[in-house]
Q: 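Take this structure first; my questions come after.
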2 protein chains.
Amino acid sequence: MSREMRGTASACSNIALIKYWGKADPADNIPLNGSVSMTLSDAITTTTVVWDPSLSQDEIYLDGERILDHRGLRISRFLDRIRADWYRMHARVASMNSFPAGTGIASSASGFAALATAAFAAFGEGLPEQTELTRWARRGSGSGCRSIHGGFVEWIGGTDDASSFSRQLCPADHWDLRDLVVLVSSAPKAISSSEGHRIAGRHPFMAARQAELPLCMLATKGAIASRDFGTLGAIVEHEALEVQGIMMSGQPCALYMQPATLALLHAVRSWREDDGLPVYFTLDAGPNVHILCEGRDAPAVRERIEALVPGLAILENRPGSPVRVHDAHLL
Amino acid sequence: MSREMRGTASACSNIALIKYWGKADPADNIPLNGSVSMTLSDAITTTTVVWDPSLSQDEIYLDGERILDHRGLRISRFLDRIRADWYRMHARVASMNSFPAGTGIASSASGFAALATAAFAAFGEGLPEQTELTRWARRGSGSGCRSIHGGFVEWIGGTDDASSFSRQLCPADHWDLRDLVVLVSSAPKAISSSEGHRIAGRHPFMAARQAELPLCMLATKGAIASRDFGTLGAIVEHEALEVQGIMMSGQPCALYMQPATLALLHAVRSWREDDGLPVYFTLDAGPNVHILCEGRDAPAVRERIEALVPGLAILENRPGSPVRVHDAHLL
């Protein structure tokens, strides 16, 4: 090769405060609604892409292991879209997560944000403009769209590939919010995210949810802008339980919560309502609990979590950084 | 007194297979939708009413204790309606449950079915016609309407006091179905049933639920008539989770499930899906789990429950009897 087509990027995962659940168009991951997230400082995926004309197929490594299953296929299909627009060659891809595999933390968001960025960086011709980069990440994994930006992020749902992208609401240093992720279970999900999106899309409650969301989005963005934790927390808990309620009454039923999930939910409400500790929860498509508080309360909240569920790991996050390109290549 | 105006009746509680949740008219307990239940053989309330012209107010005893709080007031207000139509005198009322107090089993259904029946029996002029008696019980407690009949019962929701009553679908000996109630918690509910009905009534998902229910009711009645446990169980689980989903995403949020509730729900699904044991669950407005199976599987189901949650009491029910008048007076 005349020049080395190698690029590496790191991206943070994110936790949705208003959820992405249900797709208007599965091919391009156009969501049924916009969403809002906080980028997670300590859940990072680093990905190196080497475009190599000598390869007859992509070679993909996740956490050091060659991947030949559906996960590899999903990555290759995503690379196909980039290749179609740019150079038609295969790639060697290596990706590592800062958090242990199988913890149930969504790695597809950080994964596709890092992959898209590394793939373009490897071409060595400059990155796409940032909004365009969020579109690229979204084509790989919907929520990946939000992981391009740091801090607090809005995914403008849009109606098609051109109008669906993310933008930053506030940078990471706007608000010292913490997300203490309690790792309840690392068992594989009984219902995949893709199946979950399909269940949501045909759920009879979805129309009523969509009708409520525009106002809810405005209130969420207002609460973030004014650092109004009580307002944000109340919205976020309701949102989490609404989505869980929809999923568990879907066909088929997706009952993501486990006993320890519920123990934490009840505890968080009691810490807040009985003890006056400003703490709220949210949930993702899984049993882990994301416990939200402000920085000054994080030590007390961590202590209570450790006392309640002593065996469970906690991953503490601040508002994270935007995706970044660097030279600590994995390949 | 020229003659003793004393009457005693016993009524079984019931478990809703299709739920009563949300009222069209709170004054007469006219529900938003019809419902279907199984009467529970082993959750019985016995109530004695003595109409006594010498009393200046009602005297009410529950499980041997004089009641002066809102529970007594609710009973007196119900007696006011009967008094308005019949003799205007006060009553001495005593009521006992076959199940320990505070187990979280709904005692208001069996309680008001027994109370209405005992109150009329005490007049000594014959009971109202049975359908009319279901209306009386419903005025006291909506679900009490279903506890007048034995076996499998439909509450025809109706639109007003005249059109809202229950009827028997099949008698108790139609089907040896069992309801093993696992008593997860006896703590008082954070959200009362009345508040729960209000939350449901204004919930944005309720319209979609109401639109689905007529077909769901037909399928439920068909499954009971043909003793099709697989069909009934699937409907009943979905129904239970739908109502829990609505309640937990309501304003305020009613999160009735506890960790042990969820442990049992996941276990029941695994016993069925992984081990082929025909067993389903339903839930009420509380953390207890009602585990449904056919008689031949009850010993195996009980054994599994005891192994999973060794400390928790189980109340096993068959399809129960209709309300009955008898002479084992409590007063």
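Predicted model, so just to flag it, every value in this text is computed and none were measured. Values below: all heavy atoms of this structure, side chains included; hydrogens, waters and symmetry mates excluded.
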Q: Does a sphere of radius 6.0 Å around CG in B:L215 hold more than 12 heavy atoms from other residues, nucleotides or ligands, not counting ones at 6.0 Å or beyond?
A: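 Atom CG in B:L215 is not packed in, count stays at 12 or less.
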
Q: Between B:G250, B:S249, B:A211, which residue shows the highest count of heavy-atom pairs closer than 4.5 Å to chain A?
A: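 Most pairs with chain A among the choices: B:S249.
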
Q: Go through B:G245, B:P259, B:P252 and name the one with the most non-hydrogen pairs under 4.5 angstrom from chain A.
A: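 That would be B:P259.
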
Q: Distance-only, no hydrogens or angles: does the A:H266 side chain make a donor-acceptor pair with backbone N or O of B:M257 under 3.5 Å?
A: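 Yes, the answer is positive, given that a donor and an acceptor are paired below the 3.5 Å cut-off.
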
Q: Just checking B:E273: does its CD atom have more than 12 heavy atoms from other residues, nucleotides or ligands closer to it than 6.0 angstrom?
A: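 Yes - once you tally the heavy atoms of other residues, nucleotides and ligands closer than 6.0 Å, there are more than 12.
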
Q: Hey, is CZ on B:R202 packed in by over 12 heavy atoms from elsewhere, all under 6.0 Å?
A: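 Counting neighbours around CZ of B:R202, more than 12 heavy atoms of other residues, nucleotides or ligands fall under 6.0 Å, so yes.
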
Q: Using heavy-atom distances under 4.5 Å, tell me whether B:E237 contacts chain A through its side chain, its backbone, both, or neither.
A: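 Looking at B:E237, nothing touches chain A.
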
Q: Please look at A:E242 and chain B and tell me whether the side chain, the backbone, both or neither of the residue comes under 4.5 angstrom of a heavy atom of that chain.
A: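 Answer is both: backbone and side chain atoms of A:E242 are under 4.5 Å from chain B.
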
Q: Using every non-hydrogen atom in the two residues, find where A:C253 and B:L241 come nearest and quote the distance to one decimal.
A: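 Between these two residues, the closest heavy atoms are SG-CD1, 3.5 Å.
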
Q: Checking A:R269 against chain B: side chain, backbone, both or neither under 4.5 Å from a heavy atom?
A: side chain

Q: Would you name the heavy atoms of A:P204 and B:A208 that are closest together and state the gap between them?
A: O-CB, 3.3 Å

Q: Count the heavy-atom pairs under 4.5 Å between each of B:Q258, B:Q244, B:E212 and chain A, then report the option with the highest count.
A: B:Q258

Q: Given that the side chain runs from C-beta out, which part of A:L264 has a heavy atom under 4.5 Å from chain B: side chain, backbone, both or neither?
A: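 Interface part for A:L264: neither.
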
Q: Please flag which part of B:E239 lies under 4.5 Å from any non-hydrogen atom of chain A: side chain, backbone, both or neither.
A: neither

